[in-house]
Amino acid sequence: MAPQNTPEFDYNSTRNKLILSEYGRNVQNMVKYIVALPTKEERNRYAQVVIDLMGFLNPHLRDVADFKHKLWDHLHIISDYKIDVDSPYPKPTPESIHLKPAPLRYPHQRIKYKHYGKTIELMIEKAKSIEDPDRKRHMVQAVANFMKMAYVQWNKDSVTDESILSDLFALSGGTLKLEENINLNRVEFRPNNFPSQNNNNNNRGRTNNQNNRGGGGGGRTNNNPRNNNQNNRNRNSGGAKKY
């Protein structure tokens, strides 16, 4: 029995790898065709057509500064830096394209009181360098108020002015302090009293069930003014905490 010739199928696994997949295989084949052209005049003419096509396929590049330069760089990259054309921009090199950035240096600083943060320490150092006594006093008071606000964000139970002034004295190395008769600003902590979405859904379903259970006459209405006043009193008791 004679062997049968099986057709050869063109699978993506047998094709060359796409260098820039956002332009597609047709553009890559066009660039490959331009590289094989014999004269530079033909290569320049066809390269300009491909550049226009690449800009049409990726209109978002028009919002990028100097997008023509980026298109010409992509043309050289797709050709594996083998295309010989008169580009209006310098020809890129593989080293400049695949250049890795320098490792990011993370700060290694020890913060004495982490609930105040590093900004407080910088503000204290700035206040220590002020020579004008009146301006320095206002700066120290502003730093103390900021420390109290930062403290309440971490500890929502209680905070006293004495503890804030003691921390300020310790952070400044015993150089900054306020007068005894000066009170810091009152800081309000407002808890999140809004119910979650799940609670709203549960309440909505429970209300509908009660209405359905009531039949044609609907659910019962609480007309007792004593209960209403008690509910309003309980609702108004959960206000903001002040320190």
Side-chain angles (χ1 to χ4, degrees), residues 1-112 114-127 129 142-143 146 149-150 153-154 192 194 196-198 201:
M1 183 176 181
Q4 297 180 356
N5 295 328
T6 58
E8 295 182 359
F9 296 98
D10 188 15
Y11 295 103
N12 287 331
S13 58
T14 60
R15 297 176 178 177
N16 295 330
K17 182 180 179 181
L18 283 177
I19 300 177
L20 294 179
S21 58
E22 59 267 25
Y23 295 104
R25 188 167 298 277
N26 291 330
V27 172
Q28 183 165 315
N29 292 335
M30 293 178 187
V31 175
K32 183 179 179 181
Y33 173 78
I34 295 174
V35 173
L37 290 176
T39 62
K40 179 175 286 189
E41 182 181 359
E42 291 180 318
R43 290 194 296 269
N44 290 336
R45 186 170 66 253
Y46 283 104
Q48 186 60 50
V49 175
V50 173
I51 288 292
D52 296 338
L53 178 61
M54 292 167 63
F56 177 76
L57 293 176
N58 294 272
H60 64 277
L61 292 179
R62 299 183 182 275
D63 299 332
V64 179
D66 202 4
F67 77 101
K68 280 289 186 179
H69 192 179
K70 184 177 291 292
L71 291 178
W72 280 98
D73 288 347
H74 289 175
L75 178 66
H76 287 283
I77 295 172
I78 293 174
S79 67
D80 198 14
Y81 308 96
K82 297 178 181 178
I83 190 170
D84 184 14
V85 292
D86 295 332
S87 174
Y89 304 98
K91 182 179 178 180
T93 59
E95 292 77 12
S96 61
I97 295 298
H98 301 288
L99 183 64
K100 294 183 179 180
L104 183 63
R105 297 180 58 185
Y106 289 94
H108 299 282
Q109 300 174 351
R110 296 185 61 86
I111 303 176
K112 190 172 182 180
K114 294 184 178 180
H115 54 280
Y116 293 130
K118 188 64 180 178
T119 305
I120 288 292
E121 297 181 3
L122 298 177
M123 294 172 64
I124 290 175
E125 293 298 327
K126 181 65 176 178
S129 62
V143 171
F146 189 82
M149 182 184 64
Q153 293 296 326
W154 286 88
N192 186 10
F194 297 99
S196 61
Q197 187 67 23
N198 295 330
N201 294 334

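Only a predicted model underlies this, so the values are computations on that prediction, with no experimental measurement involved.
- For Lys126, there are no salt bridge (charged side-chain N to carboxylate O under 4.0 Å, His left out) partners two or more places apart in sequence or in a different chain.
- Applying the side-chain hydrogen bond (donor to acceptor under 3.5 Å, both in side chains) rule to Thr93 yields the partners Ser96; only residues at least two apart in sequence or on another chain are considered.
- In this structure His76 satisfies the side-chain hydrogen bond (donor to acceptor under 3.5 Å, both in side chains) test with no other residue, sequence neighbours excluded.
- For residues 89-101, the set of pairs meeting the salt bridge (Lys or Arg N to Asp or Glu O under 4.0 Å) definition, not counting sequence neighbours, is empty.
- Qualifying side-chain hydrogen bond (donor to acceptor under 3.5 Å, both in side chains) partners for Ser129, counting only residues two or more places apart in sequence or in other chains: none.
- Sorted by first and then second residue, the salt bridge (Lys or Arg N to Asp or Glu O under 4.0 Å) pairs involving residues 19-35 (not counting sequence neighbours) form an empty list.
- Applying the side chain to side chain contact (heavy atoms under 4.5 Å, CB included) criterion to Met30, with sequence neighbours excluded, gives Val50, Leu53.
- By the ring-ring contact (aromatic ring centres under 6.0 Å, His included) test, Tyr23 is found to be paired with His74, residues two or more places apart in sequence or in another chain being considered.
- In this structure, the side chain to side chain contact (heavy atoms under 4.5 Å, CB included) partners of Ser21, at least two apart in sequence or on a different chain, are Leu18.
- With sequence neighbours excluded, the residues that form a salt bridge (charged side-chain N to carboxylate O under 4.0 Å, His left out) with Glu125 are Lys128.
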Distance-only donor-acceptor pairs under 3.5 Å for side chains of residues 80-89, two or more places apart:
unit_1 : atom_1 : unit_2 : atom_2 : d
Asp86  : OD2    : Asn44  : ND2    : 3.1
Ser87  : OG     : Tyr89  : N      : 3.2
Ser87  : OG     : Tyr89  : O      : 3.1

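- Separating the CZ atom in Arg45 from the CG atom in Leu37 is a distance of 8.5 Å, to the nearest 0.5 Å.
- Residues forming a side-chain hydrogen bond (donor to acceptor under 3.5 Å, both in side chains) with Asp52 (at least two apart in sequence, or on another chain): Gln48.
- Looking at every heavy atom in both residues, Arg43 comes nearest to Pro38 through NH1-O, 3.4 Å.
- Taking each heavy atom of Pro90 and Asp73 in turn, the nearest pair found is O-OD1, 4.1 Å.
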Next on the checklist: Could you go through Leu71 and Phe67, starting from their C-alpha distance and side-chain angles, then the distance that decides it, and tell me whether this counts as side chain to side chain contact (heavy atoms under 4.5 Å, CB included)?
Outcome noted: CA-CA 6 Å; Leu71 291 178; Phe67 77 101; 3.9 Å; yes
